[in-house]
Protein chains: 2
Amino acid sequence: MPSRKPAADGVDRPRLTVMRDVAKLAGVSHQTVSRVLNNHPNVREETRARVLAAMQSLNYRRNLAARTLVTRQSDTLGIIGFETTLFGPASMLYGIESAARDAGYMVSIASVRDLDRRQVLEAVDRLTQHSVDGVIAIAPKQSVTHALAQAPPSLQCVAVGGAGESDAAPTVSIDNALGARLATQHLLDLGHVTVHHAAGPPDWPESFERIEGWRRTLYAAGAVVPPVEHGWWDAESGYAQGQALARDPAVTAVFCSNDRIALGVLRALHEAGKRVPYDVSVVGFDDMPDSGFFVPPLTTVHQDFGELGRRSLGLLLEHMTHSPAAESQPPDHVLVAPQLVVRASSGPAPAR
Amino acid sequence: MPSRKPAADGVDRPRLTVMRDVAKLAGVSHQTVSRVLNNHPNVREETRARVLAAMQSLNYRRNLAARTLVTRQSDTLGIIGFETTLFGPASMLYGIESAARDAGYMVSIASVRDLDRRQVLEAVDRLTQHSVDGVIAIAPKQSVTHALAQAPPSLQCVAVGGAGESDAAPTVSIDNALGARLATQHLLDLGHVTVHHAAGPPDWPESFERIEGWRRTLYAAGAVVPPVEHGWWDAESGYAQGQALARDPAVTAVFCSNDRIALGVLRALHEAGKRVPYDVSVVGFDDMPDSGFFVPPLTTVHQDFGELGRRSLGLLLEHMTHSPAAESQPPDHVLVAPQLVVRASSGPAPAR
DNA sequence: ACATGGTCTGTTAACGTTCACAGGCGCGAG
DNA sequence: CTCGCGCCTGTGAACGTTAACAGACCATGT
């Protein structure tokens, strides 16, 4: 691995202030400064104050690299990101980062373009080299958690968002099945005979679990389960699926696997002359910031991505503290409950 | 500053493999291993191969903390992020990160909740402590670039997205005035007598520059410049502005400061019975992934956030290499040109 | 008076790299 | 043959912090 970055021209060496400088000014040894810095109990109050004052006046910052070298702790967490330009992942990222900051950690991010094992392991490797203390993977597919299992065992990893259960790593995710049930039941309760589904990609657990939740709800209600079309997560795919649904007069209610798909479906229905919600009801999933301003405002399943991020951080920290103790028991899984947000896009089934 | 993170229980010390181990196995000195690692020219080919093989078989990874300690280079860049859950900032973040990876850098992120000087400086401080080699600030407001000027002079900073010119730091941003001109001129060319504007927050340079670009274009065309309402960047604000605009029969064309505002305007117009584009034309700014699936598909100004991220990284790297040389000349500013994307939401002015 | 133990502080040795320097070796020129 | 000058390699000392240990000091109980 050649290092092709601009070599720091060794011309300027500002000689930053270090512990010894502080120590000299405060008239103590560098070790005492260290003790003050690390809140050791056995420092006389007056000494501590003197050291603190010296640090202040010299504008001293401790050198984390040196600290990391000896403690093998970097106070840095790694995040493996995927599709972080989208609202969901971006929000999780943000949630993780703010929670991490509050806990005194820095976060480094390693994005992957695809979720294959090679790229994920490479990301883990880069993070490991930068000696992160733990890793959170924004991992919407099983392949990631599997890859994570191959990470050095000393490195604690947790997966967030997507793949529910997994014996490879602890996970935090939305209760997708519950969300799907809420949406579907809501539509059934409105009198719709059945509910169609505009799904996401079939190999994504998030999509799969929503399909299952939808299917089971229909089944439990004795409703027929219409065939499901698969697509991608975007409005374009929703538009295509929506066009097909609009052609079928039996369709009075559509549950979409996310809000972007719903946006496409809304447009397709509109162009086909179907009025929402009078002719067809539409429900989404995610509750993106502007979903309340679609035409009409979208009924959807709200998921709290920030909470997801915070919970995953909590779980990681927990595992980092007593890792060897909990070695025996299987990794735990946190499920966060989503909430139905009813707006104008869903209404009573049209009279027949 | 107390450190309240879980203390690493010093029970397990796996004693990772270090240079000395590799050296011993290859029958050379640790220094030769270092040379191989850093691609120094003066290593016999055969020796290099032996060392490489030893590294391979021991699965050696170099300890970056130690390296950072002595070289004062961490191969890590810092990003100061703001509102990173939104599409624009999130995309820039991603663009920066991928470009950084290609250049051999890791990125650490420090989000700020608000853009006041204190928080920005605190973010810089956290990044400095983790000894980043440079900083890119996603800085939509002047206050950030000003704060950046207070950063330790040894730390190279660039600002991206938003505030155009600034003598405090080099910047990379979209040519907002140009974008506004493209949008406004497009509507004028369609025969609209004038163009109204649904603006963003007045104290954001991005918003301000778009207003100016819009205003100047109208002025140059001899069109009257309608009063402008200010709002936030979201659909809710667009909706409110849209309701007011819908009441005014003179309004036949609206240029919105971003796509989310446009979404709200579209809804307001729709609810007021105005048909887009037959009664009123609407143009947005950003070209978010799903803007092509609004009802109707949105004509908008496309900005390439990823490119913005990449360019800012390039600029930063450039400044890091020959920083003392370019000391004298003022910081440079890169402007990226946006592009008009014509879709269905804009059309000829209605006959009167 | 003397051991005992607690509190506070200083000394020395890691941690794993890179840098500066010093050598050994071979080869062509004097 | 010897000198000098390239290559290639090894030795020692940083870098700035924390960990381990030892010592000084003070109070307390016998």
Side-chain angles (χ1 to χ4, degrees), chain A residues 1 3 5 7-11 13-24 26-51 54-55 58 60-75 128-131, chain B residues 1 3 5 7-24 26-51 54-55 58 60-76 128-131:
Chain A
M1 307 120 209
S3 92
K5 69 198 56 57
D9 36 4
V11 201
R13 278 285 142 102
R15 243 311 253 93
L16 42 133
T17 63
V18 301
M19 271 191 179
R20 267 203 359 261
D21 305 329
V22 176
K24 202 183 315 172
V28 296
S29 76
H30 64 119
Q31 174 62 353
T32 298
V33 178
S34 170
R35 275 190 269 258
V36 170
L37 223 43
N38 295 318
N39 278 74
H40 275 257
N42 293 344
V43 178
R44 197 155 36 116
E45 203 46 59
E46 189 254 321
T47 318
R48 177 189 309 276
R50 220 169 50 227
V51 169
M55 292 193 341
L58 291 178
Y60 167 77
R61 333 253 81 157
R62 64 144 64 100
N63 182 322
L64 260 331
R67 174 181 224 252
T68 300
L69 181 58
V70 45
T71 61
R72 287 142 190 285
Q73 264 212 204
S74 62
D75 293 5
T128 313
Q129 252 185 77
H130 283 258
S131 57
Chain B
M1 307 123 208
S3 93
K5 72 199 54 59
D9 36 4
V11 202
D12 53 341
R13 279 285 145 104
R15 242 310 254 89
L16 42 133
T17 63
V18 301
M19 270 192 181
R20 268 205 359 262
D21 305 328
V22 176
K24 202 185 313 174
V28 297
S29 77
H30 65 119
Q31 174 60 1
T32 298
V33 178
S34 169
R35 275 191 269 257
V36 170
L37 223 44
N38 295 318
N39 279 74
H40 273 258
N42 293 344
V43 177
R44 195 154 38 114
E45 203 44 60
E46 188 253 320
T47 318
R48 176 189 308 275
R50 219 168 52 226
V51 169
M55 291 191 347
L58 290 179
Y60 167 78
R61 336 250 81 159
R62 80 159 124 210
N63 182 322
L64 260 332
R67 172 180 225 252
T68 300
L69 179 58
V70 43
T71 61
R72 287 141 191 284
Q73 262 213 206
S74 61
D75 294 5
T76 301
T128 313
Q129 257 190 69
H130 283 259
S131 56

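Chain identifiers are assigned alphabetically (A, B, ...) following the order of the sequence lines, protein sequences preceding nucleic acid strands; residue numbering begins at 1 within each chain.
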Original post:
Given D:dC8, is OP1 or OP2 found less than 4.0 Å from the side-chain N or O atoms of B:Arg48?
Top reply: no
Subject >> C:dT18 phosphate, OP1 or OP2, under 4.0 Å from B:Arg62 side-chain N/O >> reply: yes
Original post:
So does B:Thr32 get a side-chain nitrogen or oxygen closer than 4.0 Å to the phosphate oxygens (OP1/OP2) of D:dC8?
Top reply: no
Original post:
Taking the side chain of A:Val70 as its heavy atoms from C-beta onward, which of C:dC8, D:dT17, C:dT17 lies nearest to it?
Top reply: D:dT17
Original post:
At under 4.0 Å between heavy atoms, what does A:Asn42 touch on the DNA or RNA strands: base, sugar-phosphate, or nothing?
Top reply: base
**OP:** Without swapping roles, check the side chain of A:Thr71 against the backbone of A:Arg67 for a donor-acceptor pair under 3.5 Å.
**Re:** yes
Original post:
Between B:Asn38 and B:Arg62, do the side chains contain an N or O donor and an N or O acceptor separated by less than 3.5 Å?
Top reply: yes
**OP:** Kindly compute the distance separating OG (B:Ser131) from CG (A:Asn63), expressed to the nearest 0.5 Å.
**Re:** 6.0 Å
**OP:** Would you kindly give the CE-to-C1' distance between A:Met19 and D:dT17, to the nearest whole Å?
**Re:** 6 Å
Subject >> Side chain proximity check, A:Thr17 to A:Val22, heavy atoms < 4.5 angstrom >> reply: no
**OP:** Would you check, one step at a time, whether the test side chain to side chain contact (heavy atoms under 4.5 Å, CB included) holds for A:Arg35 with A:Val51?
**Re:** CA-CA 10 Å; A:Arg35 275 190 269 258; A:Val51 169; over 6 Å; no
**OP:** Round to the nearest Å and state the distance from B:His30 atom NE2 to C:dC19 atom C1'.
**Re:** 11 Å
Subject >> Interatomic distance, A:Arg20 CZ vs C:dT11 P [rounded to whole Å] >> reply: 13 Å
Original post:
What integer distance in Å separates B:His40:NE2 from D:dC7:P?
Top reply: 15 Å
**OP:** Would you check if the side chain of B:Thr32 reaches a backbone N or O of B:Val28 as a donor-acceptor pair within less than 3.5 Å?
**Re:** no
Original post:
Is any side-chain N or O of B:Tyr60 closer than 4.0 Å to OP1 or OP2 of C:dG16?
Top reply: no
Original post:
Roughly how many Å is it from CG in A:Asn63 to P in D:dC15, rounded to a whole number?
Top reply: 12 Å
Original post:
At what angle, to 10 degrees, do the two end axes of the helix from C:dA1-D:dT30 to C:dG30-D:dC1 meet, given five pairs define each axis?
Top reply: 60°
Original post:
In chain order, what residues pass the salt bridge (charged side-chain N to carboxylate O under 4.0 Å, His left out) check against A:Glu46, with sequence neighbours excluded?
Top reply: A:Arg44, A:Arg50
Subject >> Length of the line joining A:Asp21:CG and D:dC15:P, which is rounded to integer Å >> reply: 11 Å
**OP:** Specify the separation, in whole Å, of atom CG of A:Leu58 and atom P of D:dG16.
**Re:** 14 Å
**OP:** Go along nucleotides 21-26 of chain C 5' to 3' and tag each nucleotide: B for a protein heavy atom under 4.0 Å from its base, S when only backbone or sugar atoms are that close, - otherwise.
**Re:** ------
Original post:
Side-chain N or O of B:Arg44 less than 4.0 angstrom from OP1 or OP2 on D:dT9?
Top reply: yes
**OP:** Could you tell me the separation between the CG atom of A:Leu69 and the C1' atom of D:dG16, rounded to a whole number of Å?
**Re:** 9 Å
**OP:** Specify the closest pair of heavy atoms between A:Ser29 and A:Ala23, including all atoms of both residues, with the distance to one decimal.
**Re:** C-CB, 3.6 Å
**OP:** Establish, with yes or no, whether the OP1 or OP2 oxygen of C:dT18 is under 4.0 angstrom from a side-chain nitrogen or oxygen of B:Thr71.
**Re:** no
Subject >> Residue pair B:Val18 / B:Arg20, side-chain heavy-atom distance below 4.5 Å >> reply: yes
Original post:
With a 4.0 Å cut-off on heavy atoms, is B:Thr47 in touch with a base, just the backbone sugar-phosphate, or nothing at all?
Top reply: sugar-phosphate
Original post:
Where do B:His130 and A:Asp75 come nearest, in terms of heavy atoms and distance?
Top reply: CE1-O, 3.9 Å
